[in-house]
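Because the structure is a prediction, the values reported are computed rather than measured. We name chains A, B, ... by the order of the sequence lines, and we start the count at 1 in each one.
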Amino acid sequence: MSDKKTQRIKPQTLRGFRDFLPDQMMAREHLIDIARSVYRSYGFAPIDTPALEYAEVLLGKGGEESDKQVFRFTDQGDRDVAMRFDLTVPLARFAAQYVQELGVPFRRYHIAPVWRGERPARGRFREFMQCDFDTIGTMSNSADIETLFVINDLFEKIGIERFTIRVNNRKVLNGLLEKCGLGEHAVGILRCLDKLDKIGRDAVAAEMVERVGITAAGASQVLDMAQLKGTPDEILRGLDGMLAGSQIGETGVNDLRELFASVDACGWPAGRVSLDVSIARGLDYYTGTIYETLLGDLPEIGSVCSGGRYDNLADLFTAQQLPGVGASLGLDRMLAALEELGRTQKATTPAPVLVTMFDAGRVSDYLQIGRRLRQAGIGTEVYPEAKNIGKQMKYADRKGFRLAVIAGGDEFAAGQFQVKDLQNGTQASVAAADLIAHISALLSPSK
RNA sequence: GUGGUUAUAGCUCAGUUGGUUAGAGCGCCAGAUUGUGGUUCUGGAGGCCGCCGGUUCAAAUCCGGUUAGCCACCCCA
C-alpha cells in the first residue's frame with residue numbers, strides 16, 4: 001500500500017553519530033584490545049562511570065563555551081542532568097568519592113564513549129571513544145616517565161614503526177614567561193602558542209598581540225624561546241641559561257632532564273622522543289610535563305595520543321589534593337590513520353573457520369564439528385543452509401574465513417574431512433580424529 | 001555559532017538551454033556449475049532524483065525553506 005510506504009520511518013542516524021559495520025568494528029575492537037592489554041601490563045585497573053551525571057558535576061569547569069557543547073536535559077525525575085563530555089571530569093568526581101577506599105597512588109584506565117554537541121567535522125563526532133589512563137595521588141616524576149613508556153608500548157604493539165612523542169613541560173613555559181614579565185598572560189599565550197604548527201610563527205605572533213594584548217617584542221621573545229631547536233640535551237642546556245633564577249623553570253628543566261635520561265636508557269630509535277618547547281596543549285589544567293604523539297608517516301593528522309601532568313584533579317569535589325599524570329589515545333583518529341596507511345585488515349568474520357553444510361540430513365554432525373573446534377579454542381561458524389558448495393565458498397571468501405571444512409556423504413563414510421585453505425587454495429583430506437591438530441597447525445602464527 | 005559547498009540505485013557518480021520511459025560502473029540476488037571461492041558470461045531485483053513549498057503547460061534540472069554531509073573559520077575542559 002502506498003499509505004504504508006509514507007508511514008515508514010526513515011532509517012537514519014542522528015547528526016554527528018555513527019553506525020559501525022562489522023569490518024570497522026573489528027578494527028576498533030582490535031585497537032581497544034591492544035590499549036587494554038598495554039594499560040593492564042603497567043598495573044592500570046579498569047573503571048567505568050555513568051554516561052549521565054548531575055549537570056553540576058560536569059559543568060562549570062571549562063567556561064561558557066564548553067558548557068554549550070554539553071548534552072544536557074531534565075530527566076523524568078526533574079533532575080538537571082548531562083552526558084559526560086570527557087573521562088577526566090568523571091574521574092575527578094570518582095576519585096573524590098572513593099580515594100579513601102582506593103588509596104593512592106591509584107592507576108586506572110577508562111575506555112568509553114563521550115558526547116559533545118559540537119558541530120561535526122572531519123574526525124570529529126558527537127559521540128566518540130576515549131581511551132584514558134592516569135596515575136593519581138603521586139607527584140613523582142617516575143609516573144610521568146612511565147606515561148611515556150605506556151605511549152611507546154601502545155604504538156609498538158599497534159605495529160607503528162615510525163612515531164615521535166613530543167614532550168614539553170608547562171613549568172618550563174611558565175618560567176620562560178615569568179622571565180619575560182608575561183606571567184599573567186600565561187593562559188592566553190599558551191593557547192596561541194599551541195597553534196604554532198598549524199598557522200605558523202607570524203600568525204601566532206599576530207594573534208598574541210591582537211588577542212592576548214602583549215607587545216610584538218614580547219611575542220617575538222616568547223617565540224624565539226619556544227622555537228629552540230636541537231637534541232634534547234642541547235635544548236635543555238639552552239633552557240638552563242634562559243631560566244637561571246626562575247625556580248619554577250629550573251624545576252621543570254630538572255624533571256625533563258631526568259625523563260630524557262630514562263629515555264636514553266631505553267635504547268629506543270633516535271628521535272622517538274623529542275623535546276619541543278613550543279607545544280603547550282590547549283588544556284588549562286596541565287601543570288607539568290606534557291606529551292603529544294605524531295605518526296612519522298602521517299604527521300598532518302595531528303596528535304593521536306596526548307596528555308600530561310596536572311596538580312590537582314579534584315579540587316572542585318574535595319579538599320584533598322590529588323595530583324596526577326595521564327594521557328589519552330585518540331581512537332578515532334588512530335583508526336583513520338591506520339586506514340589511510342592501508343593497515344586495516346579486511347576480514348569481517350571474527351572466526352577463522354567455516355564448516356560448510358553439504359547434506360541437510362546431517363545438520364547435527366556439522367554442528368558437532370563446530371563444537372569440537374570451538375572447544376579447542378578455534379573460532380568456527382557453521383553455515384546454516386545446505387546451499388550448493390560454490391555459494392558457500394563464495395560466502396567464505398567474502399567474509400575472510402581462513403579455512404573451510406567440507407564434508408559430504410563420501411567423507412562421512414570414510415571418516416575423513418576436506419580442509420581447504422582459502423588463502424592459498426590448497427586442500428587436504430584429514431581423518432576426523434586429526435581434524436583439530438591439522439587446523440591448529442594451519443592457523444598457528446608461524447604459518 | 002559564521003561563511004561556502006554538496007545531496008540522483010546498497011556504493012561511486014553521469015544526466016544537454018526545464019521536455020515525454022532517469023542511466024553507467026561496482027556491489028547484491030539468480031542461472032551457466034544441485035561437490036569447491038576470487039575470473040568469465042547471461043539474467044534479475046533495487047529510485048517519491050534528501051524533505052517541504054513555489055514558479056511553469058511541463059521540474060532530478062529554476063527559486064525559497066528545511067534536514068544531512070563535506071570544507072574553511074570559531075571552539076576543543
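- If you take atom C1' in B:G27 and the same atom in B:C13, they sit 14 Å apart, rounded to whole Å.
- Comparing B:G10 with B:C48, their P atoms are spaced 8 Å from each other, to the whole Å.
- Comparing B:C74 with B:G3, their C1' atoms are spaced 11 Å from each other, to the whole Å.
- The side chain of A:Phe358 approaches B:G35 more closely than any other nucleotide in the set B:U36, B:G37, B:G35.
- For A:Ile406, whose side chain is taken as the heavy atoms from C-beta onward, the closest listed nucleotide among B:G69, B:G35, B:A30 is B:G35.
- Distance from the side chain of A:Lys391 is smallest for B:A30 among the nucleotides B:A30, B:G35, B:G69.
- For A:Gln69, the listed nucleotide lying nearest its side chain is B:C75; candidates were B:G69, B:C75, B:U36.
- Nucleotide B:U36 holds its P atom 16 Å from the CG atom of A:Asp359, rounded to whole Å.
- Nucleic acid contact class of A:Gln392 (heavy atoms, under 4.0 Å, all strands): none.
- Distance, A:Asp397 CG to B:G27 P: 12 Å, rounded to whole Å.
- Following rounding to the nearest Å, A:Lys394 (NZ) and B:G31 (P) show an atom-to-atom distance of 11 Å.
- Residue contacts shown for A:Gly117 are absent, as no nucleic acid heavy atom lies under 4.0 Å away.
- Of the candidates B:C76, B:U36, B:G37, B:C76 carries the atom nearest the A:Arg116 side chain, counting heavy atoms from C-beta on.
- The side-chain heavy atoms of A:Arg84 and A:Val89, taken from C-beta on, include no pair separated by under 4.5 Å.
- Here, B:C29 and B:C75 have their C1' atoms 49 Å apart, quoted to the whole Å.
- For the residue pair A:Arg93 and A:Gln97, a side-chain donor N or O sits within less than 3.5 Å of a side-chain acceptor on the partner.
- Judged purely by distance below 3.5 Å, without hydrogens or angles, the side chains of A:Asp276 and A:Ser274 never pair a donor atom with an acceptor atom.
- Straight-line distance from the CG atom of A:Leu21 to the C1' atom of B:G27: 14 Å, rounded to whole Å.
- No side-chain N or O of A:Gln130 forms a donor-acceptor pair with one of A:Ser328 less than 3.5 Å apart.
- By the 4.5 Å heavy-atom criterion applied to side chains, A:Phe133 and A:Arg107 are not counted as neighbours.
- For the side chain to side chain contact (heavy atoms under 4.5 Å, CB included) test with A:His110, the passing option among A:Leu91, A:Asp48, A:Thr88 is A:Asp48; the others fail.
- A gap of 14 Å separates the C1' atoms of B:A59 and B:G15, to the nearest Å.
- Looking at A:Glu118, its side chain has no donor and acceptor atom pair within 3.5 Å of the base of B:G1.
- Taking the P atoms as reference points, B:U16 lies 16 Å from B:U8, given to the whole Å.
- Of the P atoms belonging to B:C52 and B:U61, the separation is 13 Å, rounded to the nearest Å.
- At least one side-chain heavy atom of A:Ile47 sits under 4.5 Å from a side-chain heavy atom of A:Phe106.
- Rounded to whole Å, atom C1' of B:G69 lies 14 Å from atom CG of A:Leu14.
- Within 4.0 Å of A:Gly390, counting heavy atoms only, lie sugar-phosphate atoms of the nucleic acid but no base atom.
- Side-chain proximity of A:Lys420 to the nucleotides B:G37, B:C70, B:C74 is greatest for B:G37.
- A 3.5 Å limit on both hydrogen-bonding distances identifies B:C73 as the Watson-Crick or G-U partner of B:G1.
- Residues A:Asp134 and A:Tyr310 have side chains that bring a donor and an acceptor to within less than 3.5 angstrom of each other.
- The side chain of A:Ile389 lies closest to B:U36 when the candidates are B:C76, B:G38, B:U36.
- The side chain of A:Arg124 lies closest to B:C76, out of B:U36, B:C76, B:G37.
- Closest non-hydrogen pair, A:Phe73 versus A:Leu52, comes out as CZ-CD2, 3.8 Å.
- B:G47 and B:G23 have their P atoms separated by 14 Å, given to the nearest Å.
- Among the protein residues, A:Tyr395 comes within range of no part of the nucleic acid, since none of its heavy atoms lies under 4.0 Å from any strand.
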Please enumerate all protein N or O atoms sitting under 3.5 Å from an N or O of nucleotides 3-13 of chain B, with distances to 0.1 Å.
none

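- Donor-acceptor pairing under 3.5 Å, judged by distance alone, is present between the side chain of A:Gln427 and the base of B:U36.
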